*Asks:* 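Here it is, the structure, as structure tokens.
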Amino acid sequence: MKAVIAGGGIGGMVSALYLHRAGFDVEIFERAEEIRELGVGINMLPHAVEALTELGLLADLDATGIRTHELIYANRLGQVVWQELRGTDAGYGHPQISIHRGQLLGLIHRAVIARLGGDAVRTGWRVEGFEQSAAGVIAQLSSRDGTRKTARGDVLIGADGIHSAVRAQLFPNDGAPIWNGVMLWRGCTTWPRWRDGRTMAIAGGNFAKFVFYPIGIESGQSAMRLTNWAVMARTGEAGSSPRRLENWSRPGVPAEVLPFVRDRFRLDFVDPAHIIEATANFYEYPNCDLDPLPRWSFGRVTLLGDAAHPMYPVGSNGASQAILAARSLAGHLLIATSVEIALAAYDNERRPVTAEIVLANRQGGPEGVIDMVEARAPKGFDDIESVASHEEREAVVRGYARLAGFARK
Ligand SMILES: Cc1cc2nc3c(=O)[nH]c(=O)nc-3n(C[C@H](O)[C@H](O)[C@H](O)COP(=O)(O)OP(=O)(O)OC[C@H]3O[C@@H](n4cnc5c(N)ncnc54)[C@H](O)[C@@H]3O)c2cc1C
């Protein structure tokens with residue numbers, strides 16, 4: 001059996017590894033001319049790390065990223081609202097790993113090349129559409145110079161991101177991604193180690209949130225960490241069009257982000273304005289998602305990752321859910337009596353779960369705990385218990401973990 005994959009992002013590449021492991025032939029078509037290590041920080045939750053460990057990638061992840069030890073939610077004055085251990089430190093069987101998204105893609109890509117061979121990844125080819133019949137599926141491809149060709153397979157996986165061409169053919173009236181009016185600026189730079197060098201913080205409230213976490217150890221510099229930061233703030237009305245179309249590599253402008261943090265945050269571990277000013281290049285990304293779909297699988301064609309369930313980047317879930325989907329899909333293809341049955345079973349298993357996460361992220365995800373506290377105590381507090389009880393705060397954070405499928409058993 002042969003799988004054709006549209007898109008060589010994390011979802012497409014991990015699908016290729018799982019399908020190859022299950023004994024299938026795989027060909028990936030990636031629109032970009034080369035697989036480049038783009039992006040900034042990303043978090044891999046324990047269940048996604050479990051999947052990557054199954055694929056033999058844990059040593060590479062450890063050599064590149066950071067095993068996150070603790071997550072602290074705080075208000076803009078740095079007062080702790082919620083604090084919890086993460087990954088193996090919290091008793092999970094697998095770590096949570098904070099890592100540079102480009103380096104993560106790079107290590108997965110190298111594994112694909114090593115195991116499937118160099119020809120498995122065809123860069124410079126955009127999947128334009130497809131035709132399917134009982135005999136198989138044909139993907140229509142185009143290159144930048146206008147050359148057209150087709151690729152034949154038994155199954156087509158649309159892992160082609162938020163602007164998926166496969167999804168557009170399946171749902172021609174789906175419309176453009178929806179912006180919630182919130183802009184996200186994110187960058188990374190080398191920064192002095194904070195606490196144990198494995199701690200993540202999310203601080204602020206409804207007006208702006210500041211995210212800070214280490215994603216790599218600089219070689220020979222144990223006191224320094226490659227550190228990811230992000231600022232999330234409302235710059236427009238929900239449902240309006242973002243100033244620019246969503247694009248992960250749009251450069252950020254310091255004068256646009258600094259007013260949201262300067263003199264607004266008083267954190268004892270970092271002045272957000274300082275780390276932003278120290279970052280040579282950073283990016284802006286309007287928070288966009290799409291309504292959950294009623295169906296992903298149509299005969300021999302299905303969707304995976306951001307193509308299937310684009311979500312706001314809260315709760316550290318986009319890449320993790322794509323990885324879980326890759327494992328599920330390959331597992332169903334391995335045991336089902338037909339491709340159609342396998343894709344329907346995958347759809348039944350993964351779509352309802354991810355639809356709930358998309359909707360929960362619209363409510364703020366686990367970070368909603370700091371919004372709740374800020375709304376009740378905008379000038380800070382002496383005793384967090386008098387603002388929101390432990391049970392109330394726990395319900396917000398743990399409720400989300402359960403939804404995302406990584407609550408501790
Ligand atoms: C350049 C880039 C940078 C990112 N940076 C971050 C980050 O810093 N932090 C973070 O949390 N998340 C980031 N993300 C998003 C994150 O990687 C995804 O949410 C998550 O990993 C799900 O991956 P995916 O493979 O489903 O989608 P994506 O990562 O979007 O990958 C989709 C791939 O498909 C390719 N493609 C698109 N259309 C076609 C087509 N028609 N035919 C063939 N190929 C096509 C794209 O070039 C891309 O490589 C980034 C995504 C991209 C593309």
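Fair warning: this is a prediction, and the values are worked out from it, not measured in the lab. Just follow the structure's listing: the first ligand is 1, and inside any ligand the first atom is 1.
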*Asks:* Between L303, L170, D174, which is the residue that forms a side chain to side chain contact (heavy atoms under 4.5 Å, CB included) with S164?
*Replies:* L303
*Asks:* Drop me the distance from E128's CD to R31's CZ, to the nearest 0.5 angstrom.
*Replies:*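 Interatomic distance, E128 CD to R31 CZ, rounded to 0.5 Å: 10.5 Å.
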*Asks:* Heavy-atom distance under 4.5 Å between the side chains of V127 and L141, does that happen here?
*Replies:*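 Result yes, sub-4.5 Å side-chain heavy-atom pair found.
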*Asks:* Do the ring centers of F265 and F207 come within less than 6.0 Å of each other?
*Replies:* yes
*Asks:* Considering only N or O atoms, set out every pair between ligand 1 and the protein closer than 3.5 Å, with distances to one decimal place.
*Replies:*
| unit_1 | atom_1 | unit_2 | atom_2 | d |
| --- | --- | --- | --- | --- |
| ligand 1 | 8 (O) | V40 | N | 2.7 |
| ligand 1 | 9 (N) | G41 | O | 3.1 |
| ligand 1 | 9 (N) | R186 | NH1 | 2.4 |
| ligand 1 | 11 (O) | R186 | NH1 | 3.1 |
| ligand 1 | 17 (O) | R101 | NE | 2.9 |
| ligand 1 | 19 (O) | D306 | OD1 | 3.2 |
| ligand 1 | 19 (O) | D306 | OD2 | 2.8 |
| ligand 1 | 25 (O) | I10 | N | 3.3 |
| ligand 1 | 25 (O) | G11 | N | 2.8 |
| ligand 1 | 26 (O) | D306 | N | 2.8 |
| ligand 1 | 29 (O) | R101 | NH2 | 3.1 |
| ligand 1 | 38 (N) | D160 | O | 3.4 |
| ligand 1 | 41 (N) | V127 | O | 3.0 |
| ligand 1 | 42 (N) | V127 | N | 2.9 |
| ligand 1 | 44 (N) | R31 | N | 3.1 |
| ligand 1 | 47 (O) | E30 | OE2 | 2.6 |
| ligand 1 | 49 (O) | E30 | OE1 | 2.7 |
| ligand 1 | 49 (O) | E30 | OE2 | 3.3 |

*Asks:* Taking only residues two or more places apart in sequence, or in another chain, which ones meet E392 in a side-chain contact (heavy atoms from CB on, under 4.5 Å)?
*Replies:* M372, R376, A388, S389
*Asks:* Would you say D196 has more than 12 foreign heavy atoms packed within less than 6.0 Å of its CG?
*Replies:* yes
